[in-house]
Amino acid sequence: MPNTTINRYTTIYESPADVDLWSGGVSERPLPGSMIGPTFGCIIATQFSYARRGDRFWYELPNQPSSFTPEQLQEIRKVKLARVICDNTDLIDTIQVYPMVLADHEINPRVPCRSGVLPSLDLTKWADFSGSPTGQGAFQHSRYWDCFRPSSRQEITTQTCDSPAYYY
C-alpha cells in the first residue's frame with residue numbers, strides 16, 4: 001500500500017494487527033491486470049476453490065450420473081462469454097472478444113458474431129444416435145435444440161416443434 005496510507009494508519013492504529021480486513025484490503029495496490037490487491041485476490045480465489053470442490057453438481061466433477069464426457073467438457077471450455085451473448089441476442093452483430101472488458105482495437109477488438117473468431121459450441125457432442133433407425137443421421141437432441149434456437153432468426157411455431165414427425 002502507498003506510504004501515505006501507511007502513515008495515516010499509524011496515527012489511527014497502534015499495531016498493524018489492529019487494521020481491519022476491509023480497510024487494509026481496499027488500501028492495497030492492485031495486482032497487475034487486476035482491480036484488487038493480494039489480500040482480496042487470495043480471499044476470492046480461496047472462496048471460488050471451496051465452491052468448486054464442495055459443489056457435488058460442479059460441471060467438471062467426474063463419475064457422476066450427470067457428468068459430461070471429456071468431449072463435451074472440451075466443447076464447454078472453448079466457448080467464451082462473447083459467444084454466449086452473440087448466440088442469445090438478436091440485437092448484437094459485433095462484440096469485443098472479452099465483453100466484460102472495455103473494447104480496445106489491439107487488446108480487445110470488436111469482432112462480428114458470425115465471423116468464426118468466437119468458437120461455437122458443437123452440439124453433436126451431446127447427440128444420442130441410439131434412437132435413430134440407422135444409428136446415424138438425424139438425432140432428436142439437435143433437432144429439439146433447433147426448435148428453440150432457429151438458425152434463421154424466424155420463429156418456429158409450437159405446432160412444428162410438438163409434432164413427432166419433426167424429430168425424424
Can you check whether Leu121 reaches Leu123 side chain to side chain, under 4.5 Å on heavy atoms? yes

Any Arg52 side-chain heavy atom under 4.5 Å of Glu60 side chain: yes

For a 4.5 angstrom cut-off between non-hydrogen side-chain atoms, does Thr5 reach Pro2? yes

Starting at CZ of Phe68, measure out to CZ of Arg77 and round the result to the nearest 0.5 Å. 10.5 Å

Non-hydrogen atoms of Cys113 and Arg83 that approach each other most closely: O-NH2, 2.7 Å

Closest non-hydrogen atom pair between Ile6 and Met1, with its separation: CG1-CG, 3.5 Å

For a 4.5 angstrom cut-off between non-hydrogen side-chain atoms, does Leu21 reach Phe40? yes

Kindly say whether Cys42 contributes a backbone atom to a donor-acceptor pair with the side chain of Thr46 at under 3.5 angstrom? yes

Any side-chain donor-acceptor pair under 3.5 Å between Tyr9 and Asp18? no

Check whether Ser27 reaches the backbone of Ser23 with its side chain - one donor and one acceptor, N or O, closer than 3.5 Å. yes

Output for pair (Gln96 CD, Asn108 CG), nearest 0.5 Å, gives 5.5 Å

I'd like to know whether CZ of Arg8 has more than 12 heavy-atom contacts from other residues, nucleotides or ligands below 6.0 angstrom. no

Tell me, yes or no, whether the heavy-atom count around Leu102 atom CG, taken from other residues, nucleotides or ligands under 6.0 Å, exceeds 12. no

Same cluster for Ile36 and Phe48 if Ile/Leu/Val/Met/Phe/Trp/Tyr side chains link at under 4.5 Å? yes

Under a 3.5 Å distance rule, please check whether Glu71 uses its side chain to pair with a backbone N or O of Lys125 as donor and acceptor. no

Output yes when a side-chain donor or acceptor of Gln47 lies under 3.5 Å from a complementary backbone atom of Ile44, and no otherwise. no

I'd like to check Thr69 versus Trp126 (side-chain heavy atoms, cut-off strictly below 4.5 Å). Are they in contact? no

Do other residues, nucleotides or ligands put more than 12 heavy atoms under 6.0 Å from the CD atom of Gln74? no

Given side chains that start at C-beta, do those of Val79 and Ser120 come closer than 4.5 Å, heavy atoms only? no

Separation of Cys86 SG from Leu81 CG (nearest 0.5 Å): 9.5 Å

Is the number of heavy atoms from other residues, nucleotides or ligands within 6.0 Å of OH (Tyr98) greater than 12? no

Side-chain touch Val111/Val97, heavy atoms, less than 4.5 angstrom: yes

Hey, what do you get for CD1 (Ile12) to CG (Asn7), rounding to the nearest 0.5 Å? 11.5 Å

Rounded to the nearest 0.5 Å, what separates atom CG in Leu118 from atom CD1 in Ile85? 10.0 Å

Can you confirm whether more than 12 heavy atoms, excluding those of Glu14, are under 6.0 Å from its CD atom? no

Test item: Pro119 and Lys78 side chains (from C-beta on) under 4.5 Å apart, heavy atoms: yes

Residue pair Thr94 / Pro112: nearest heavy atoms and the distance that separates them: CG2-CA, 3.9 Å

Spacing of Trp58 atom CH2 and Ser67 atom OG [to the nearest 0.5 Å]: 13.5 Å

